[in-house]
Amino acid sequence: MPKRRRSGLANWLSETDTPIFVLDDRRVVLFFNQGCERLTGWSAGDVVGQRCDYVTDVEIGSVRSLTGALAPPPNAITRMGEVVAVQLPHVEGRSMPRAIHYFPLPGAEGSPPHLMGVIVPLSQLVSSDGVSLGGDVPSPQNLHAQLGSLRSEIRERYKLETLIAQSPAMQRVLDQVDIAHRVSTPIMLLGEEGVGREHIARAIHYAGPQKLQPFVPVDCSALPRTELAAVLHRLFERHTPEERPLPAQRPGGLFLRRISHMPLDLQVWLLSQIRESSRDGRSLDTTLDAEGRHSTSQKRGEALRIFVSDETDLLNRPTAGEKSLHPELREALSALVIQIPPLADRPDELPLLAQWFLEECNREQSRQLGGFTPAVWHEFRKYQWPGNVRQLKQVVREACQHAAGTLVDVADLPFRFRSAIDASSLFPRPEAQKVDLQKVLDDYERLVIMQVLEETQGNRSRAAELLSMTRPRLYRRLEQLGLDSNDKPTTP
């Protein structure tokens, strides 16, 4: 049978420099022309047959990063001429700002329509909804594009793929994470429950030289002392060169959650291990490799990197009843401290984080979600998020499971979240009042001193003793607080 020749239109679509692709009703790539190949560096063989999930994926060199960028908004199949901005990845890892026009294509009789995408320079973007992120309500499609742009920027600058940072506080965290990649010292991560301390520790570990070795999280408050001791001894066990396990079997990162709950004797033991590892590292600096050069890279790749976290401020003196660290262990663990802000202090990042969690729910799912309705953003913004990023993630995941349309609506949000919103509206948080703390402390100190002087019948020597003060200091405080300090005590 003679080979069927392509029509002129089919030849033009295949060979034109204009990047054009076609998806079926399941979002599977059916067609990826030469223009797309030249623009992205991926061949049609790499892309055709892949499904495009509406996900922002920036994994370097992964075809999923491309298919995520090609994925249409969930409602594009029904709208003529939908236009979206994307960060289109190249096979070499860089990203390119582009716009995609989506056009429904009628299928064969009785079959669902297909979708054609035409990739154009971003300057040719003409938004179909006219809603930008600058307003009070973010457009789902523009939010998707901004998320992709921000993640690409963070990946290219910091080599991180799983962190979202736009606020000044989180930009500072990114700078500290960048420093952490270049040093091998222990890292202390502080912040409220749910802010992502372990997530950041993992990001540092898997972007560093020990990324092929396991990352081991240990909760110091969840294990009895004997079990915690056994785990730590096993992790810090030293081997001879003959006994040493393969790199993939040796832990490379140890994350000690709630470090202040570790018993004091284990804290002292941990301090000895850190010091011993430090001595080993310094001695290795004096060794030479086969070519006579100083080298420490091998040792750093084998050493156990320590991350610690806690909800309390480990750097300051603990209050009564609060757990604490051995002072020397605190000194050893606080060479690099990363303070992670609560979600309430990152309002500009809340839409990006929520969109990211929603798009993660789209992976490998036949039903895709595009974003949130304006009513949901209103609820999100007035909530205080006491559970921080972890709570936001849980709320978004549950809402995605219940969503009936292409956007998450208020009715899809978890019942307990809506109940918490209602409760906060019935009992709004009181506004913080300006307080002169020094005046409050002076008033209280004045009251206490007057009561003690009354009990001692004006005997200032006895009063100073009861107040654990020297007599000269008591005289100074009496004068500073405006009390009568000129009358000398009758009893020495």
Report task. Run the numbers on R64 and D53 for side chain to side chain contact (heavy atoms under 4.5 Å, CB included), then give the verdict. Result -> CA-CA 9 Å; R64 289 194 315 174; D53 291 330; over 6 Å; no
Report task. Given side chain to side chain donor-acceptor pair (under 3.5 Å), test Q394 with E398 step by step and report yes or no. Result -> CA-CA 6 Å; Q394 292 171 345; E398 292 187 38; over 6 Å; no
Any donor-acceptor N/O pair, [X] side chain to [Y] backbone, under 3.5 Å:
X: Q176; Y: V337; answer: yes
X: Q355; Y: G370; answer: yes
X: R330; Y: L325; answer: yes
X: R51; Y: E364; answer: yes
X: N362; Y: L369; answer: yes
X: D310; Y: S260; answer: yes
X: R27; Y: S366; answer: yes
X: Q171; Y: A165; answer: yes
X: R151; Y: T56; answer: yes
X: S152; Y: G148; answer: yes

List the atom of [X], the atom of [Y], and the distance in Å for their closest heavy-atom pair.
X: W42; Y: S62; result: CZ2-O, 3.4 Å
X: P140; Y: G371; result: CB-CA, 4.2 Å
X: V268; Y: H326; result: CG2-CD2, 3.9 Å
X: T40; Y: P89; result: CB-O, 4.0 Å
X: Y102; Y: P73; result: CE1-CD, 3.8 Å
X: A229; Y: L266; result: CB-CD2, 3.7 Å

Would you say that [X] contacts [Y] through its side chain, given a criterion of any heavy-atom pair below 4.5 Å between the two side chains?
X: Q166; Y: I164; result: no
X: R258; Y: D219; result: yes
X: L160; Y: H181; result: yes
X: F307; Y: I200; result: no
X: L147; Y: E359; result: yes
X: V376; Y: L407; result: no
X: F32; Y: D46; result: no
X: L304; Y: Q273; result: no

Any carboxylate oxygen within less than 4.0 angstrom of a Lys/Arg side-chain nitrogen, looking at [X] and [Y]?
X: R418; Y: E379; answer: no
X: E193; Y: R257; answer: no
X: E360; Y: R397; answer: no

In Å and rounded to the nearest 0.5 Å, what is the [atom1] to [atom2] distance from [X] to [Y]?
X: L232; Y: Q267; atom1: CG; atom2: CD; answer: 11.0 Å
X: E311; Y: S221; atom1: CD; atom2: OG; answer: 8.0 Å
X: L70; Y: I119; atom1: CG; atom2: CD1; answer: 5.5 Å
X: Q146; Y: Q141; atom1: CD; atom2: CD; answer: 14.0 Å
X: I340; Y: E192; atom1: CD1; atom2: CD; answer: 11.0 Å
X: I204; Y: I338; atom1: CD1; atom2: CD1; answer: 4.0 Å

**Report entry** F215 and H205 aromatic ring geometry - parallel, tilted or perpendicular at 30°/60° bounds
**Finding:** tilted
Query raised in the report: Just by distance, with hydrogens left out, do T373 and D409 show a side-chain donor and acceptor under 3.5 Å apart?
Result: yes
**Report entry** Identified side chain to side chain donor-acceptor pair (under 3.5 Å) partner of S95 from the options R155, E156, E153
**Finding:** E156
Report summary line: Only residue of E349, R172, R346 satisfying side chain to side chain donor-acceptor pair (under 3.5 Å) with S167 is E349
Report task. Determine the sole option in W356, Y54, F372 for which the ring pair (Phe, Tyr, Trp, His ring centres under 6.0 Å) test with H144 is passed. Result -> Y54
Requested in this report: Assess whether side chain to side chain contact (heavy atoms under 4.5 Å, CB included) is satisfied between W269 and H233, documenting all intermediate values.
Outcome: CA-CA 9 Å; W269 180 86; H233 280 79; 3.4 Å; yes
Requested in this report: Might you work through the side chain to side chain contact (heavy atoms under 4.5 Å, CB included) test for L256 and L270, ending with a clear yes or no?
Outcome: CA-CA 11 Å; L256 295 172; L270 177 61; 3.8 Å; yes
Query raised in the report: How would you list, by chain and number, every residue that makes a side chain to side chain donor-acceptor pair (under 3.5 Å) with Q391, sequence neighbours excluded?
Result: Y383
Query - Worked verdict on F380 versus L350 for side chain to side chain contact (heavy atoms under 4.5 Å, CB included) - result: CA-CA 8 Å; F380 278 3; L350 189 147; 3.8 Å; yes
